[in-house]
Protein chains: 2
Amino acid sequence: MQVLRNFFVNNKSLTLVTKKLIISLEQRRISAMPPKKRKAASDEEGGSEKAKSQKTKKEKPAAKKKEKTCPTDYEAIDYSCTTKNKHGETFNVRISNWNVDGLRAWVQKDGLSFLEYEKPDILCLQETKCSEDKLPDDIKELQDYKMFWHNSNKEGYAGVALFSLVEPLSIKYGIGNDEHDTEGRCITAEYEKYYVVSVYVPNAGRRLVTLPKRLEWNKIFKKFIKELDKQKPVIICGDMNVAHSEIDLANPKTNTKNAGFTKEEREGMTDFLSDGYVDTFRKLYPDQTGAYTFWTYMRNARSNNVGWRLDYFIVSDRLVDNVCDNKIRSGVFGSDHCPITLFMNI
Amino acid sequence: MQVLRNFFVNNKSLTLVTKKLIISLEQRRISAMPPKKRKAASDEEGGSEKAKSQKTKKEKPAAKKKEKTCPTDYEAIDYSCTTKNKHGETFNVRISNWNVDGLRAWVQKDGLSFLEYEKPDILCLQETKCSEDKLPDDIKELQDYKMFWHNSNKEGYAGVALFSLVEPLSIKYGIGNDEHDTEGRCITAEYEKYYVVSVYVPNAGRRLVTLPKRLEWNKIFKKFIKELDKQKPVIICGDMNVAHSEIDLANPKTNTKNAGFTKEEREGMTDFLSDGYVDTFRKLYPDQTGAYTFWTYMRNARSNNVGWRLDYFIVSDRLVDNVCDNKIRSGVFGSDHCPITLFMNI
DNA sequence: CCTAAGATG
DNA sequence: CATCGTAGG
């Protein structure tokens, strides 16, 4: 666990900075348009004429975009939030979270456009599966956000990120445990009034092979957050890899022995929350059914909404009254998870 | 080495059987058309309505075709051959050869359509990379051809096939060497008047790590063919993994230390031919430049025709006067190699 | 079903 | 820059 940066900024100015983003919005919308049709066959069959590519300036081949998954209709979504919190205030901070299931594929699928529509002040990503030297240009060229990465030693596995419009006061990588911290699962950003944690909780695995590891994580993570919470209230954003209650997945009955809905994992979440934290979505919408953030790619699960709510905003009890809303962007594609957004005034 | 089948058929009827194929031609052309546009987003976002897919008959998801590589304009190619051989005869047997670089990907890229345009009596394939239990349905449903497979023990590696309109008199798998024959590199089909060999010669590898193995193969293969040639003349079809002479690749000067153009490999080919065989293409077109059958996928090699002639029809000396033509189908896509076709009268 | 790495060409 | 297998989910 390292503390790398220590700048002081005015936390209040977070939402103001987002206006910068509006400028680049139209620009990205254009670049997100369908790729030009492939060069005609005649071009390809240029054959023995030997076009002798004149080695001009080594133009990049314009990174062909994948068209496999359903493209997002970003225009169809309502990004506004007029809901007031318990103090009667509208939001002044917007935090989004997304398990991207491979940052490079997600960029290809135009996941970055989400940023410029939602315009979060802070964005937490999980399963980036990308070491920093392999980041796509679209990420490297991203001007508006400070970006922080915590990657696994194992290439192409796990990895989390935290993007922030304002420079955080400090950044912690990991949860203070040498075993778990080699896997790139946690980034903590300190702001004036709170901590924001981007976390990817270990999956219990097929046939629950890694359930022990997961339960050990639960203990260590709880302690880690407890320590933060002593300093400032905490906003945990991430893939908790558990559907807490029956209402949180489409098929509770058939999944009690499967990773993400075992007794142990569910109790782990109950235990964690009992320590002084709140699942903001369920607090706001206690009876909302069919509200999921993950759908397996298999068996058309997403189009049938056979999903799981695995991604959460969990806040310290004393922040509950600051929460304005917690939205699930289930119409946003690019991963097997969808993004979620928390609106707060603090 | 095994001899599995021993049927007797009239070799003369080979080309007549091809007429059967014409019937299914139009059918495949329709199925080769661009896949239907992906279901609309509205369908995908059906969401919590839970369409409860009624489990009718488990319809197959219609195998989405890849559109990455350049599609072939099969209509633009002239499949006729009126050229006469030294005896003044037009062809009565047509043999095609293609290193498909992964049979499953090749099927996705509509490689099978080539068969129904070219209508070869015999088709030899290399680098199928597909065990028989994983053959795509389009292959399994292929009615007109008897199909023979020789696969590697190593999944997804090497593998050759031989398709034949008429049942061969016998089939041999391998070259009679236990080491090499685990790698799926050779099928020999016996016909009344000749043998047809589908072969995938070992690549010398990056930094020539497997050059010794390759040179050992050369010896064994030469002996193997010699034995066949004592019985009947031989038609060797395949990826010989060598460009024989400077004229056979775009960049001879810079490739003398690279797999496929080392002194040893080139001499291996010279030595082999000196034993009583002829490279039919070079015999017919001794000065033809820019005639290649392979282009690396890298650096737009194919559109610049920076290629290699690695795929050959090599026939016993006494068959040379039977050859009508040897065509290189460089406009046919679906692999990093293109197909070649031999027209003979025998 | 999808992502990624690694081996092979 | 493709193909494939495998791990991981």
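Since the structure is predicted, the reported quantities are computational estimates derived from the model, not experimental observations. Just so we're on the same page: letters track the sequence lines, and every chain starts at 1.
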*Only one of A:Glu265, A:Glu264, A:Glu183 passes salt bridge (charged side-chain N to carboxylate O under 4.0 Å, His left out) with A:Arg214; say which it is.*
A:Glu265
_Separation of atom CD in B:Glu155 from atom P in D:dC4, rounded to whole Å_ = 12 Å
*Phosphate oxygens OP1/OP2 of C:dT8: is one of them under 4.0 Å from a side-chain N or O of B:Lys154?*
yes
*asked:* Please determine whether the number of non-hydrogen atoms from other residues, nucleotides or ligands lying under 6.0 Å from atom NZ of A:Lys140 exceeds 12.
replied: yes
*Tell me: CE of A:Met298 to P of D:dG8, nearest whole Å?*
15 Å
*Protein-nucleotide distance (B:Arg299, atom CZ; D:dA2, atom P), rounded to Å*: 13 Å
_Among residues at least two apart in sequence or on other chains, which ones pass ring-ring contact (aromatic ring centres under 6.0 Å, His included) with A:Trp217?_
A:His180, A:Phe221
*B:Asp110 and B:Ser113: side-chain donor and acceptor closer than 3.5 Å?*
yes
*Roughly how many Å is it from CZ in B:Phe333 to P in D:dC1, rounded to a whole number?*
17 Å
_Ring-ring centroid check B:Trp149 B:Phe163, cutoff 6.0 Å_ = yes
_So, OP1 or OP2 of C:dT3: does either fall under 4.0 Å of a side-chain N or O from A:Lys109?_
yes
*Could you check how far CH2 of A:Trp308 sits from P of C:dC1, rounded to whole Å?*
19 Å
_Most 5' of A:Gly102 and B:Thr210 on DNA chain C, judged by nearest nucleotide_ = A:Gly102
*For the side chain of A:Arg206, starting at C-beta, report the closest nucleotide among C:dT3, C:dG9, D:dG8.*
D:dG8
*Nearest whole angstrom, please: distance from the C1' of D:dA2 to the CH2 of B:Trp106.*
17 Å
_Candidates C:dG9, D:dT3, C:dC1 - which lies nearest the side chain of A:Tyr297_ = C:dC1
*Roughly how many Å is it from CG in A:Asn304 to P in C:dC1, rounded to a whole number?*
13 Å
*For A:Asp101, answer base if it contacts any base atom (sugar-phosphate contacts may also be present), sugar-phosphate if it contacts only those atoms, and nothing otherwise; contact means non-hydrogen atoms under 4.0 Å.*
sugar-phosphate
_Phosphate-side-chain proximity, B:Tyr157 and D:dT3, N/O vs OP1/OP2 below 4.0 Å_ = no
*Within the structure shown, what part of the strands sits under 4.0 Å from B:Tyr200 by heavy-atom distance: base, sugar-phosphate, or nothing?*
sugar-phosphate
*Tell me: NZ of B:Lys134 to P of D:dC4, nearest whole Å?*
11 Å
